Structure formats: C-alpha cells, structure tokens
Undergrad: 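Would you mind keeping the following structure in view while I ask a few things?
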Amino acid sequence: MSKSDTILKLLQGCNSLQRLQKIHAHVITNGLQHHPAISTKLVHFCAVSVSGSLSYAQLLFHHIDNPQTQAWNSIIRGFANSPSPLQSILYYNDMFSSLVSRPDIFTFSFVLKACERVKAENKCREVHGTIIRCGYERDVVVCTNLVRSYVGNGFIGVAKKVFDDMSERDLVSWNSMISCYSQAGFHYEALKVYDEMKNENVGLDGFTLVGLLSSCTHVGALNVGVNLHRIACEEGFVKNVYVGNALIDMYAKCGCLDDAFCVFDSMQKRDVFTWNSMIVGYGVHGHGDGAISFFRQMLMAGVQPNSITFLGLLCGCSHQGLVEEGVEYFHMMSTKFNLKPGIKHYGCMVDLFGRAGKLEKALDMIGTSPSQDDPVLWRTLLGSCKIHKNVKIGEIAMRNLVQLGASNAGDYILLAAIYAGAKDTDGIAKMRKLIKSQGIKTTPGWSWIEVGDQIHKFVVDDKSHPDFVEIYHKLREVISQAALLGYVPEESLISVAGLITEECLETSTSYHSEKLAIAFGLAKTPKGTSIRIVKNLRVCKDCHSFTKYVSKAFNREIIVRDRVRFHHFKGGVCSCKDYW
DNA sequence: ATAGGGTTAG
C-alpha cells in the first residue's frame, strides 16, 4: 500500500480534530501536502465535521493549488452553516473567478443557504440567474433552497413564483413554502398553500402541521387548528413533540386553556417549549397563579427555564397584580438561573409596577434597565399613568419619548387623556396642537373572526365584505339589544376633549372593527356557541362595554384576544375585571 | 464526499 493510500485510509477513520492534526503532520513529513485527494479530504473533514475546525479548513484549502469543485463545496458548505455565512459567499465568488472548477447543484444549495442567513438579496437573485444558466432550475432541492432564500430576503412574491413554477414539488418543498410564509408573518398565505397542497396528493407530516398550526395561532384560526389536531391524531403525528407544542400554543392563544392542558397532559415527552407554551398561555390570560404553578412543576420535572419562561411568568404576574411574586421571579432569573433580564422583562416589570399604581417604582425600573433609550418602556409607563391619572410622571415619560425622537400621536393622545382626567384644559390644548402639527399616524385597527374554516377580517367602518349590508343591519339590531340592557355608546374621554383616541381615529360615529366582527359572528354562528375575535390593537373602552352587554343580551361567551391579553366576556362581565 | 423542512418570545 502506498503512503498516500495509507493516509487516505487513516483519514477515513478519523473522528477528532486532534487526530486529524496528527495525520496532517504525517502528510507533511511524507511530502504529500499537495496530493489533491488527500488535501481535499482534509478540507472536507475540517469544514463539515462537528469536531472539525473551519479556520483549519481554510488554512488547508489555501494550500491547494487548483481546488476542484469538491474542495470548494466543502469550504462553501462549512461557512454557510457557520457564524459567518458571508465568508461562504466570498468563497463562492472566488470559485467563479478562479475559472478552474464549475459549481454544481450542491454548490448552489450551500451558497443559497448562506444568502438566506446573511440577507444577501442581490446575491440571491444573481445566484438564481446562474442556476438557470447552468440548467439546474429543475432540481427540487435547489429550487426549494431558492424559495427559502428569497423569503429570507423578503422577496415573498418572487419566492411564491419560483415555487409555483417548479416542475416538481415534494413534501419538503411544500413544507418549506408553508413554514417560510408562517415565519415571515404571512399566515393567511400559509393556510392557503395548505389548500393547494391538499389537491396534490403529497400527504403531510409533522413539519407541515407545525407550520400550519403556528399560523393558526397567530391569526386565531381555532377551527382550522382543531381540524389539524384531528388529522394529527389520525395520522399519528400527535406524539411528535414539535406538533404537541404547536397544538398547546394554538389552543392557548385561541383562548382554550382547557384544550391546551389536555394536549399537555397527554404528552409523553415534554421540553422547554412545552412548558413555556403553558406558562405563556396562562400568563397572557392573566392567570399569574396558573403560570407560577406550571413553573414549579417544570422545575420539578427537571426542565431548565429560559428567558421566555420568565416573560410568561412576569406577564401573568403583572396582569393579576402579583407584584411581590413578579419581583421575586425577576430577581430569580439572574440569581438562580443565570439569565440576564432583557428589555422585554424590564417592560413587564414597568407594567407590573405601573399597573399596580406604583409609578415611582416603575420609573426606577426604567432607570436601572440597560436600555433607557427604548421608547417601549416609556410608553408602557405612560399607559400606566393614564390608568392612575398621574400627570407628573406622565409628563416625565412624555419628555423622554420626545427626547428620544420616538413620540407619536398615540402618545399625545394618552397624555391628553391624562390631562383630561385632571381637567387640565391647557394640557389638552397643548396635546391637540402637537397632534395637529404632527398629523395623525397610527396603526389601523383590524379584527378577525373565524367562521367555519374561513377567516373574516374587518377594519373600521368596513364595507368590503360581500355581506356588509346584512352585517350592518345585524349590528344595528345588536346595538339596540345591548342598549335595552343599559349600554350607552360611550364618547371617550378624549373625544369629549375634542380629540380622538387611537382606536377612534377614523370617525366619531364609527363602527369599530370588533363591533362588525361581533355582529358578523352573531349572525353566522349557532346560538349558544362562543365567539372568538382576534384584534391587532387594544380594545377601546366603548367596545369593551359594548361587548359586555352583548355577552349578556345574546347569552354568548365572547373571547377577544387583543394586542396584549385576552378578555373573556360572559354574562355581562369581563375576565379582566375592567382593568386592562 | 456532499443538499432542502418544524414550535414559544420579538
């Protein structure tokens, strides 16, 4: 056996970097460092193996005179998955300019991965062109990577076009399209892809279910989610931890904590996601005590909490007014679990103190946070000042928002409400002027409701729905029924002051999106069933009062998920106890 | 030698 054969054989069985370095020394003493097969193998091992070393691979690679595709692929692949994927693209460029070796389908798969991770949008397009020129645009894997890379770079439309034009799509391609849409926040599109998929007989698996369930969670599509749950049971995917976790989250965020618990209870394997989904679920429903109970069980089960665990806990504590507990968990993060509180945790703490009326403490909290220049913290404080009608600290919060250049019309409206509560007409006038000078720019409000497996979206005074005449007719009826029980359309504090709230922006006599959604729900769903609404903003005071009366007048449970928490309306009262 | 897919928070 020749020396080079012996070394190649040694390399075959090599499984550690240490051992590899020994072999490498052997290569050098035998003068074989320019042996192409050997150096290529060495590079491959160092770049790809978990026990390898990318910098060592680089060193070896640069000693190869005319690296062949194989060696290029190894180095491009290694960097594509590394913390510095840009390097991968640079090597790809070098490969092109070297003119010695040509990229193959594997090269493209690797470099596309790098483009996806590095956000190299132009490179992504360029690589696409090269793929076509090289005649690889019919390869399923390459195209799937292209789709992912385009979505990762924000070209959602181009990605879908590539996907639609693929000559062949397998289950992974479909799953990629779904999960990419879902991760990019295109939830309706993700669910629509599933409809297309059903006609193609590719089946589905755990990956499909996870992507779809995540989208259901985000848009509150409970019926679709329940259907997926049934499919998961029928096809044997419920034992998959990812699927179980996604189901728990879906049920919890759709307002069905009991169903979330059922899934949780039936799981044989639970990981940190499983526990977090329960804790966060209880937290956003305002059940701090429930979140705490799951946290204790989690520790007993020997699962390490992470920063999200504490977000759920703190959120629950703040909504339930568990100040002491919240403080305790906040400290516990760093002292017992070596987790550094992030900006979100500070946000929860500001909310915890602020909501409880401890505004000075909330202010101190911002002072000790690592990012006092985060507008979110000041805005949270401002919100608390509105609840507790505190002009002094409200003005401090506003001053900071202005200094940060982050103040917006919504903030002025909040402060105006605080002034209005204090009957400070000068203050109101000042805010009115500021709003006028800035122009009102706020997020338009939406509400979604699911009826059957269709999701219907409404905006303020929406007339785009095909059944809008019927919906408006129903809404007028609902309003008069509610009025019989005592509902008085409430002009908000602010409109009295000649201003309008964020939610009331469009017109003062407006039908807010959730009123339309509720009327639609009452008209389209069977008597006695509960109605679930998801909206992107907070509920306004008038709609909150309206919904309470409606829940009584029509004997319906109405569950509204707003931007921050859940409201369960039943028999004329709301689970938030009018405190939100 | 070698490729592509998943959940919480934001």
Side-chain angles (χ1 to χ4, degrees), chain A residues 8 11-12 37 40-49 68-78 80-81 103-114 116 136 139-149 151-152 163 166 169-183 185 190 202 204-218 237 240-250 252-253 260 263 267 270-281 283-284 305-315 339 342-345 347-348 374 376:
Chain A
L8 280 170
L11 275 171
Q12 213 95 58
T40 300
K41 263 229 148 56
L42 280 169
V43 169
H44 178 253
F45 181 90
C46 294
V48 172
S49 150
Q68 296 306 296
T69 304
Q70 210 180 109
W72 284 109
N73 282 359
S74 300
I75 203 92
I76 292 170
R77 174 186 178 186
N81 298 311
D104 59 12
I105 38 172
F106 300 103
T107 325
F108 290 123
S109 290
F110 302 138
V111 75
L112 282 170
K113 173 91 164 198
E116 182 192 337
Y136 292 136
D139 186 273
V140 205
V141 181
V142 170
C143 283
T144 303
N145 276 317
L146 248 182
V147 169
R148 300 189 65 81
S149 199
V151 176
F163 179 78
M166 280 169 75
R169 283 174 230 114
D170 61 13
L171 186 53
V172 180
S173 321
W174 285 98
N175 289 348
S176 296
M177 197 65 241
I178 289 172
S179 64
C180 281
Y181 263 150
S182 178
Q183 284 161 21
V202 277
L204 95 190
D205 64 8
F207 289 88
T208 329
L209 290 169
V210 166
L212 291 172
L213 283 168
S214 169
S215 281
C216 289
T217 305
H218 281 99
F237 295 117
N240 178 323
V241 189
Y242 287 92
V243 173
N245 293 347
L247 278 169
I248 292 176
D249 191 46
M250 186 275 294
K253 299 271 173 59
V263 176
M267 280 171 74
R270 299 185 185 118
D271 61 12
V272 64
F273 284 83
T274 321
W275 291 98
N276 284 355
S277 295
M278 290 306 289
I279 292 169
V280 172
V284 296
N306 63 19
S307 67
I308 291 158
T309 318
F310 285 94
L311 276 183
L313 278 171
L314 295 177
C315 170
L339 294 165
I343 181 75
K344 300 275 165 230
H345 301 94
C348 286
D374 191 306
V376 175

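Below, read A as the first sequence line, B as the second, and so on, with proteins coming before strands; counting in each chain starts at 1. What you see is a predicted model; the values in this text were computed from it and never measured.
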Undergrad: Heavy atoms only, 4.0 Å cut-off, all strands: where does Lys113(A) land among base, sugar-phosphate and nothing?
TA: sugar-phosphate

Undergrad: Is any side-chain N or O of Ser173(A) under 3.5 Å from a base N or O of dG4(B), one able to act as donor and the other as acceptor?
TA: yes

Undergrad: With a 4.0 Å cut-off on heavy atoms, is Ile105(A) in touch with a base, just the backbone sugar-phosphate, or nothing at all?
TA: base

Undergrad: The side chain of Asp170(A) is closest to which nucleotide in this list: dG6(B), dA9(B), dG4(B)?
TA: dG4(B)

Undergrad: Counting side-chain heavy atoms from CB outward, which of dT8(B), dT2(B), dG4(B) is closest to Thr144(A)?
TA: dG4(B)

Undergrad: Tell me what Phe110(A) touches on the nucleic acid: a base, only sugar-phosphate, or nothing, going by heavy atoms under 4.0 Å.
TA: base

Undergrad: From the set dA3(B), dT8(B), dG4(B), return the single nucleotide nearest to any side-chain atom of Val142(A).
TA: dA3(B)

Undergrad: Judged by atom type as modelled, is there a donor-acceptor pair below 3.5 Å linking the side chain of His345(A) to the main-chain atoms of Leu314(A)?
TA: no

Undergrad: Remember a base hit wins even if backbone is also touched, and classify Gly206(A) as base, sugar-phosphate or nothing at under 4.0 Å, heavy atoms.
TA: base

Undergrad: With respect to the side chain of Asp249(A), which nucleotide from dT8(B), dG6(B), dG4(B) is positioned closest?
TA: dT8(B)

Undergrad: Got a donor-acceptor contact below 3.5 angstrom from the Arg169(A) side chain to the Phe163(A) backbone?
TA: yes

Undergrad: So, is Arg77(A) near the phosphate of dG4(B), with a side-chain N or O under 4.0 Å from OP1 or OP2?
TA: no

